[in-house]
**Student:** 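Structure in structure tokens, see below.
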Amino acid sequence: KAGVTQTPRYLIKTRGQQVTLSCSPISGHRSVSWYQQTPGQGLQFLFEYFSETQRNKGNFPGRFSGRQFSNSRSEMNVSTLELGDSALYLCASSPVSPQGPSEQYFGPGTRLTVT
Amino acid sequence: AQTVTQSQPEMSVQEAETVTLSCTYDTSESDYYLFWYKQPPSRQMILVIRQEAYKQQNATENRFSVNFQKAAKSFSLKISDSQLGDAAMYFCAYRSVGTGNQFYFGTGTSLTVIP
């Protein structure tokens, strides 16, 4: 099976712009989560989508949004970019389980730099 | 909210020796999962080992084993016979059982393996 893929891998944007990141989960996985990773902060949870519905949301401002499509692919959008949004954005997918995700499989990440 | 604490930002070990990485967590839940993830310099995060809280037996995966102390809310990772390829950032993570529950990650421990 192909792993989780994320595009683009690297992105440079200027303050005030918006950006869209894409994530394709492992085939058959319907849960997709997004994380922001910065040095010293570790991984901060952004949101989780399951069957096209946002199931959980972290403590981020409304500038961060996401969606999931019927094929489970997911996108996240950041509007009005700030310098502090520079980070590695990780996507993770999980297989379906009655008790919720028991493990996550991560993509390689998108490195976003805001100048 | 649940918290995961990794008190060792950096650790080092001689090749072929054993090293233990520490992790503590805070929760009022009785049923949950604990994980150790490894993130090598290439940035792809991979699952090292998983522990279900209801299982008293400590999980093992080849050279990797955990010491799970539920009452103390402690979950340490032991790496035996350390290899150069073990050099990476290691993240401890927690998730309550049930849908709609997010993963919580620690801030990570950077492991250096000395030849």
Side-chain angles (χ1 to χ4, degrees), chain A residues 1-6 8-10 23 25-26 29-51 53-60 66 87-112, chain B residues 1-10 21-25 27 29-55 59 61 64 66 88-110:
Chain A
K1 271 187 181 177
V4 178
T5 58
Q6 292 186 246
R9 292 293 309 279
Y10 302 92
C23 171
I26 291 172
H29 288 192
R30 288 162 56 191
S31 169
V32 174
S33 296
W34 288 89
Y35 296 87
Q36 180 192 68
Q37 185 179 15
T38 54
Q41 291 279 349
L43 278 78
Q44 303 292 312
F45 173 74
L46 281 155
F47 26 67
E48 181 204 359
Y49 284 87
F50 179 79
S51 292
T53 301
Q54 188 180 88
R55 189 158 69 173
N56 214 336
K57 189 179 191 304
N59 189 26
F60 276 82
L88 181 68
Y89 290 88
L90 294 171
C91 167
S93 74
S94 301
V96 175
S97 164
Q99 296 180 320
S102 59
E103 57 189 280
Q104 292 186 314
Y105 297 83
F106 284 84
T110 294
R111 169 71 64 186
L112 172 65
Chain B
Q2 286 81 358
T3 57
V4 178
T5 302
Q6 294 179 250
S7 59
Q8 307 153 315
E10 298 179 347
L21 308 183
S22 301
C23 173
T24 59
Y25 58 95
T27 184
E29 303 289 334
S30 60
D31 203 5
Y32 48 86
Y33 302 102
L34 294 164
F35 310 84
W36 279 98
Y37 281 89
K38 169 185 176 182
Q39 188 179 41
S42 66
R43 295 288 181 179
Q44 189 95 31
M45 187 97 71
I46 57 174
L47 178 67
V48 174
I49 201 164
R50 180 184 69 186
Q51 175 82 41
E52 288 94 340
Y54 70 89
K55 290 185 177 179
E61 285 289 341
F64 298 86
V66 298
M89 197 75 163
Y90 286 81
F91 291 95
C92 179
Y94 163 100
R95 185 183 174 279
S96 295
V97 169
T99 60
N101 293 320
Q102 69 178 76
F103 285 75
Y104 292 88
F105 284 80
T107 51
T109 296
S110 178

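The sequence lines fix the lettering, A, B, ..., with proteins before strands; numbering per chain opens at 1. Remember, it's a predicted structure, so these values are computed and weren't measured experimentally.
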**Student:** Determine, stepwise, if the pair Y35(A) / F105(B) fulfils ring pair (Phe, Tyr, Trp, His ring centres under 6.0 Å).
**Tutor:** CA-CA 10 Å; Y35(A) 296 87; F105(B) 284 80; 5.3 Å; yes
**Student:** Out of curiosity, I46(B) CD1 to Q104(A) CD, how far, rounded to the nearest 0.5 Å?
**Tutor:**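 Interatomic distance, I46(B) CD1 to Q104(A) CD, rounded to 0.5 Å: 14.5 Å.
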**Student:** What's the separation between atom OH in Y37(B) and atom CG in L43(A), rounded to the nearest 0.5 Å?
**Tutor:**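 One finds 10.0 Å between OH of Y37(B) and CG of L43(A).
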**Student:** Provide the closest heavy-atom pair for Q44(B) versus G107(A) in the form atom of the first, atom of the second, distance.
**Tutor:**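 Distance-wise, the nearest heavy atoms are NE2-C, 3.5 Å.
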**Student:** Nearest 0.5 Å please: distance from the OG atom of S94(A) over to the CZ atom of R95(B).
**Tutor:**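 If I round to the nearest 0.5 Å, the distance is 7.5 Å.
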**Student:** Nearest 0.5 Å, what's the CG-CZ distance between L47(B) and F106(A)?
**Tutor:**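 Nearest 0.5 Å value for the CG-CZ distance: 9.5 Å.
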**Student:** Report which part of Q44(A) has an atom under 4.5 Å of a heavy atom belonging to chain B: side chain, backbone, both, or neither.
**Tutor:**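 Answer is neither: Q44(A) stays 4.5 Å or more from chain B.
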**Student:** Within this structure, what is the CG-CD distance for the pair L88(A) and Q39(B), rounded to the nearest 0.5 Å?
**Tutor:**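 Those atoms lie 6.5 Å apart.
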